[in-house]
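Chain identifiers are assigned alphabetically (A, B, ...) following the order of the sequence lines, protein sequences preceding nucleic acid strands; residue numbering begins at 1 within each chain.
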Amino acid sequence: MRTEIPREELMLSGHLACQGCGGALAMRLALKALGKDTIVVIPACCWTIISGPYPYSALDVPILHTAFETAGAAASGIRAALDIQGNTHTKVLAWAGDGGTFDIGLQSLSGAAERNEDIIYVCYDNEAYMNTGIQRSSATPEKAWTTTTPEKHPKLGPKKNMVQILAGHKAPYVATASVAYPEDLINKIKKAASVFGTKFIHILAPCPPGWRISSEQSIEVARLATETKVFPIYEVFNGEEYRINIEPKQRPVIDYLRTQGRFRHLSSADVEEIQKRVDYEWKRLLQKAMIEPFSA
Amino acid sequence: MSEHKTVTYVHVADMPDMVMSVATMQWNKTGSWRYIKPMYLDRTPPCNAACPAGNDIEGFIRLIGEKRFLDAWKLLKEENPFPKVCGRVCFHPCETFCNRSKYDRAVSINALERFAGDHAIPDKKPTPLKKPTGKKIAIIGSGPAGLTAAYHLARMGHKAVVYEAAPLAGGLLRLGIPEYRLPKSVLDEEIADIAAWGVEIRCNAKVGDNVQLKEMDSFDAVFIAIGVQANQKLGISGEDSVGVLSGLHFLNNINMGKTVSLGSKVVVIGGGNSAVDAARTARRLGCHTGIYYRRSKAEMPAFDAEVDDAVREGVELHLLVAPTKIIASNRKVNGVEFTKMKLGDPDESGRRKPIPIPGSEFIVKADNVITAIGERGEFDFLKSQVQLEKSKIAADEWGQTGKKGIFAGGDAALNDQTVAYAIGSGKRAACAIDIFLSGKMPKELGNKFIIGGTGSISVARYLNEGTAHAKNIGQKETVKFEELNLAHFAPSDRSKMPRISVAERIKSFAEVNLGLSESAALHDADRCFHCGVCTMCDNCWVFCPDAAVSHLQNAYGYEFNYFFCKGCGICAKECPRSCIVMEQE
Amino acid sequence: MRKVLMGNHAASYAAKLSRVQVIAAYPITPQTQIVEELSEICANGELDAKFLKVESEHSAMACCIAASAAGARSFTATSAQGLALMHELLHWAAAARLPVVMVNVNRAMAPGWSIWADQTDSLAQRDTGWIQLYVEDNQEVLDSVIQAYKIAEEVSLPVMVCYDAFFLSHTYEPVDMPDQADVDAFLPSFKPEFKLDTDNPRSFYMLVMPDNYIELRFKIQQAMDRTLHVAADVDRQFGKKFGRSYGICEAILCEDADYVLVTSCSTTSPARIVIRNLRERGLKVGLLKLRLFRPFPGEEVYQHLSGKKKAVVIDRNISFGKGGIFADELRGALANKKDRPIFYSYVTGLGGRDITTEALEEIVLEAIDSPTPESNIIWKGVKI
């Protein structure tokens, strides 16, 4: 039994997430990590809909729904309001998608991080604007199909590296996590809650309709992302100290790519290119984690 | 579960000014979204289905893993009275079918069975399971088949009387298998446990000899389990010379503690376990020993491990040779003439037929020749009672011979001549006899206590006592390797069985295998995948995106909340051991 | 205690006296002194507040909304481009029914870049659901911010207090600073009925389907309707306590006037002089100062304009394609009144160009002399 994981469910059944939604599982686990004394800020994203329409809520903690680009600012405002009222114990959790973090929400996140606001910012990343119908974001991996990057006009350029950006802000704690590794995810959020300042957790959250996978594959695909080094699981302390948490199985990226319809159109040259970049980034990460010096 | 209602505002005055929630989403029964639904299913692991003795292997390994060694032994005893014996001599088909063998290496099931047995505490006064029935059953032969039948019949409340021709009980376990593989003290312990149930064992009582066959008429049923104890003849000249020994006789004498003097060079003819046992025994008596077998190693009926051990101990292995005559001088053997063989097409046994190579004869010097080319049954005294079929007593899978009240099993009736099959046969006969005594036919009980689809049975489930096979009896399909989710396992080395050194081994008849240590046993128990049996790993619960799985209160396992389960299938996929099936709504 | 303060500092001290708890602001000329002074005030420990120096005005409003939703009295200040950047969230704050108070220094919209007085910025936000007050002098700045919190927290709508760039923001005037204790008595601490509270978890501002949206909007309008008398009431109470009140609009010499000059903000000050002068010359002129603009006090304004021959409206703003916004709103409010005056709508002073007493006098005389307005928009003092 996973005795470390709390039993209490703060995410209630009856929510509107699609079958197999990685973002729903991420929220469920995150709230287990934080407990009832948490206020969640949700900018426009899938969770705006998942949490249910007026006058209902699917969470047993307070939610502030806020405009798309304002997660960082809104979380800062709640924190200030709580602090000034003498409440420094309630946790403030900003819960944004990749669009509201990597793109339109980047400014207010950067502002909050620069001010080192005492908030936990989680980006649950399904790698596109899924809520509005699978359009590309700067979190979309290179060459992936989306409705605005059709097969003939693929997404050029790799995923923006948010961890690096936040590390550049010298945020006290930045980490990646995945729904395939629930204990690691929960531990990281607990760790974040125990540190003062802006903590950023980047969670990979597979989306069955958007990634073109069958609903039962969500966890498996998330796991493969890490096993193939496409999505390494690591943490960064104070923007400088890197620690890799999960040893990937060193599987080739094709094992990950072939599971998803959004990569079905890739040629073997495309796959090779992706493999090269993944290997390169991994070596860079090893260097940062002081495991192995980088060599081309 | 409390009713969660929807909120419908009829008038603006009913609505709070704030755009806020006043209720939860729990009114929304998302279970209506699904078209397939998950069900928990306890399934049969392949080891359980593969065990001819019907052990609850997954169950006893789980108990070892929980450090409940005594309970593990007790679980085994619900099905099999010989865990200490089997844990030493069984050919462990369970390990061949173990799904772990397709991942890295099979779980050391055989060694774990011994480990459980070695932690036994004798139960000198077992609690009766059933009231005495007043029925009496005669069992002819105290080998594994006979004693297992007696054990279970006694547990069913019947009086079992075992007739054993030899001075000591055990059959081939006593007389055939050497001490270094199965210490007789170990066998005595398990026979004592059987006797503690009220089984009467009469030794030096040979039915058809000093015991009249007619005596069997005073019993309500008879189980014939006399095995096959007569040595097959080679059919070549010189076979009657002095110094030519039957393998079985040789082993019998050694095992009964008699002195057997052998010359310095011993030739063992045959390729089965008896031949190997005889060769390794001769080796321990200081002889230069060789096994001579007419086919290749692949066709040798003996267990591979035994053959390898023989070779390690210095026994020579001569393959593709067949004896043509035994050379004697003054009627005492001094050599064997062999001819070389090659393999032709398969014969009726399915093995390739050995064909002599003309002109390839050669002579091997020998002080003794031990023949062990096979055993056959001696059934003459039973002529009036049973039919024979292909040199075995004709009996169906329940041991029924066609003559009312007469049952047969073990090597006497089966083609698969192993301890495990004998035990399985004894169990089937016990159940069949019990059913017969109640006036019913075995077919009436159907498959309610058959494990998997291969014919092993569970006496615990037949009697509805104990916990062996409690949850997954009746599941015909076993869990296939492809149905497991290997992402949740990690490679792990199989524990090695500690053994005394080769030099030590051949000096005496001390047991070669020392048995796993507690940490080694725990390590290997941990490697078990528990195919098809929920171990409460929490995967289904932790990975559900809809919080639709919860732990049962005060009971083992989980339940699905079908009001909310969307049928995504993640639970079934992430169950490492295939305990969840998705079924059409 | 009396102090000589610039308009911006009057706003700072008003925020301090109102015991704001969360301030989130971004600098923009000509608002900067508001936040600078507040920084000093907070640093000195004179105000126990959290001051977030956010990275844009949009974030400033997001912050204030969130802080208010979490139960803190919040404050921000901005101008022109900053206000425009907040636009999306102005709608949000109002529909969220949060009593945020914001000071907007009326500045011209770019391009071209202009830091000088122009009312278009805040008037362009008149549809967002915010209560709007336009104030004439630095005392009124201070008093109105305090009143704003009381009004906002009563009706659960945000309030913006608007005043002219430089003419007020940077001009020093003597200002009476009330005692903190008196302000505390007038304005108790913020205790919202519903807020983000882990003891009572709720979701706020979620998806609303068509079956409930319009009712929520209806409620906002209901609150705006209430605001008409709440604002008047608060102003009266303020007058009783502090000896100063302004009304939701102010009529000077209107009862027997034939012609009424309608102004707002700092333009009202020279207008008072102009009306006095013209009265001395025998013209029956009056002055109507518009203060509360949203909700638009149609009835009250009608009281002062009914039966008048002409209303001459000064707009330091324009809605392109239509005209001066104050004039437009007045015309609209009185559309169905039979005894409404003829409206002369003057657009002048955009981008900080001075509106002098001479210009105002010319406007009034010109309007009196012309039988009908020459057009819907009469541009004054423009090089045409």
Side-chain angles (χ1 to χ4, degrees), chain B residues 1-38 538-554 558-571 585, chain C residues 65-71 88-100 128-129 131 151-158 190-227 230:
Chain B
M1 125 164 221
S2 60
E3 263 307 301
H4 296 276
K5 294 213 164 63
T6 52
V7 174
T8 307
Y9 290 121
V10 171
H11 193 275
V12 69
D14 302 330
M15 297 163 69
D17 286 350
M18 287 291 240
V19 184
M20 67 183 192
S21 63
V22 298
T24 71
M25 281 298 286
Q26 287 165 299
W27 59 268
N28 186 26
K29 309 297 186 228
T30 52
S32 59
W33 298 16
R34 61 172 189 267
Y35 51 93
I36 47 175
K37 80 191 230 187
D538 275 359
N539 274 14
C540 55
W541 169 76
V542 83
F543 287 121
C544 177
D546 289 278
V549 179
S550 54
H551 294 78
L552 289 173
Q553 298 294 327
N554 306 319
Y558 310 89
E559 58 181 341
F560 293 112
N561 188 335
Y562 290 116
F563 287 114
F564 294 114
C565 166
K566 293 172 184 163
C568 73
I570 283 178
C571 52
E585 274 286 342
Chain C
I65 288 167
S68 186
E88 170 194 27
L89 295 176
L90 297 182
H91 280 282
W92 197 289
R97 308 301 303 270
L98 293 169
V100 177
T128 57
I131 296 166
I151 299 168
E153 289 169 14
E154 171 66 36
V155 298
S156 298
L157 284 175
F190 177 42
K191 294 253 175 300
E193 191 183 353
F194 300 109
K195 61 176 186 175
L196 293 166
D197 178 1
T198 54
D199 290 330
N200 276 301
R202 290 180 194 274
S203 176
F204 291 90
Y205 318 132
M206 70 287 268
L207 178 82
V208 178
M209 306 290 277
D211 59 350
N212 281 310
Y213 184 88
I214 193 171
E215 280 75 15
L216 292 164
R217 297 283 140 163
F218 179 84
K219 280 172 163 304
I220 296 172
Q221 180 55 40
Q222 280 185 319
M224 274 288 188
D225 290 341
R226 278 204 310 277
T227 304
V230 168

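- Within the 4.5 angstrom heavy-atom criterion, only backbone atoms of C:A95 (N, CA, C, O) approach chain B.
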Determine which donor-acceptor pairs between chain C and chain B fall under 3.5 Å and list them with their distances.
from, atom 1, to, atom 2, distance (Å)
C:R202, NH1, B:S21, O, 2.9
C:S203, N, B:S21, OG, 2.8
C:S203, O, B:S21, N, 2.8
C:Y205, N, B:V19, O, 2.8
C:K219, NZ, B:V12, O, 3.3
C:K219, NZ, B:M15, O, 2.7
C:K219, NZ, B:D17, OD1, 3.2

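- Residues meeting the side-chain contact (heavy atoms from CB on, under 4.5 Å) test with C:A152, sequence neighbours left out: C:P99, C:V101, C:V159.
- Residue C:I220 does not touch chain B at all, counting heavy-atom pairs closer than 4.5 Å.
- C:I214 pairs by the side-chain contact (heavy atoms from CB on, under 4.5 Å) definition with nothing, not counting sequence neighbours.
- Of the listed residues (B:M20, B:M18, B:M15), the one with the most heavy-atom contacts under 4.5 Å to chain C is B:M20.
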